[in-house]
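Have a look at the structure below before the remarks.
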Amino acid sequence: MIEETCQRFVSDCHVRAAAELINHTWDPVVLSALRLGPTRRNELLRHIAGVSDKVLTQVLQRLQSRGLVTKVRCTGQAPAHTGAVYQLSPLGESFANGPLAQLAQWAADNQAELADSSTTS
């Protein structure tokens, strides 16, 4: 049924909805970083080379609005244990550990061919 719908109405295809999840450059990178577990925003900034503070804020907000990431407030005794961490929601886990991880593996497996084809274009 899904393929039949995609063939008739290409603009409404589920592939388009899935592609929108990785449409922004930093979204899949942040999702992949959060696969390691709950992470503070400043840790994400340190571990993701090249992302700016402003862009990371936008990415986290976008991923939260899509239901892929949750922000959890931490309340501890010591100041170092207060603040918030970001983590994958169950939906985010299913995406990051499923299709996104498979896409990353495919890219790694085909890196040489992808690099060759980009130089011949």
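Quantities reported herein were computed from a predicted structural model and do not represent experimental measurements.
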Inset, instruction - Return the minimal non-hydrogen interatomic distance between Ser94 and Pro99, and the atom names on each side. - result: O-CD, 3.4 Å
Inset, instruction - Report the distance from atom OG1 of Thr39 to atom CG of Asn42, rounding to the nearest 0.5 Å. - result: 11.5 Å
Legend entry - Residue pair Leu100 / Leu21, side-chain heavy-atom distance below 4.5 Å: no
Legend entry - Same apolar cluster: Val55 and Val30, side chain cutoff 4.5 Å: yes
Legend entry - Atom pair OG1 (Thr70) and CG (Leu88), whose distance is rounded to the nearest 0.5 Å: 8.0 Å
Legend entry - Note, Arg40 side chain near Tyr86 side chain (heavy atom, < 4.5 Å): no
Inset, instruction - Answer with yes or no whether the hydrophobic clustering places Leu45 together with Val29; edges join I, L, V, M, F, W, Y residues whose side-chain heavy atoms lie under 4.5 Å apart. - result: yes
Legend entry - Cluster check Leu31, Ile48: I/L/V/M/F/W/Y, side chain < 4.5 angstrom: yes
Inset, instruction - For the residue pair Asp27 and Arg62, establish whether any side-chain heavy-atom pair is separated by less than 4.5 Å. - result: yes
Legend entry - Spatial distance of atom CG (Leu44) from atom CG (Leu60) [nearest 0.5 Å]: 6.0 Å
Legend entry - Approximate separation, where rounding is to 0.5 Å, of Leu63 CG and Lys71 NZ: 13.5 Å
Inset, instruction - Flag the pair Leu103 / Ile22 as yes when at least one side-chain heavy-atom distance between them is below 4.5 Å, and no otherwise. - result: yes
Inset, instruction - Quick one: pull up CH2 in Trp26 and OG in Ser32 and give me the separation to the nearest 0.5 Å. - result: 12.0 Å
Legend entry - Pairwise side-chain contact, Pro38 with Val72, heavy-atom cut-off 4.5 Å (strictly under): no
Inset, instruction - Return the minimal non-hydrogen interatomic distance between Gly67 and Ser89, and the atom names on each side. - result: O-OG, 2.5 Å
Inset, instruction - Find the distance between CD (Glu93) and CZ (Arg35) and round it off to the nearest 0.5 Å. - result: 10.0 Å
Inset, instruction - Of all the heavy-atom pairs spanning Val51 and Leu56, show the shortest one and how long it is. - result: CG2-N, 3.9 Å
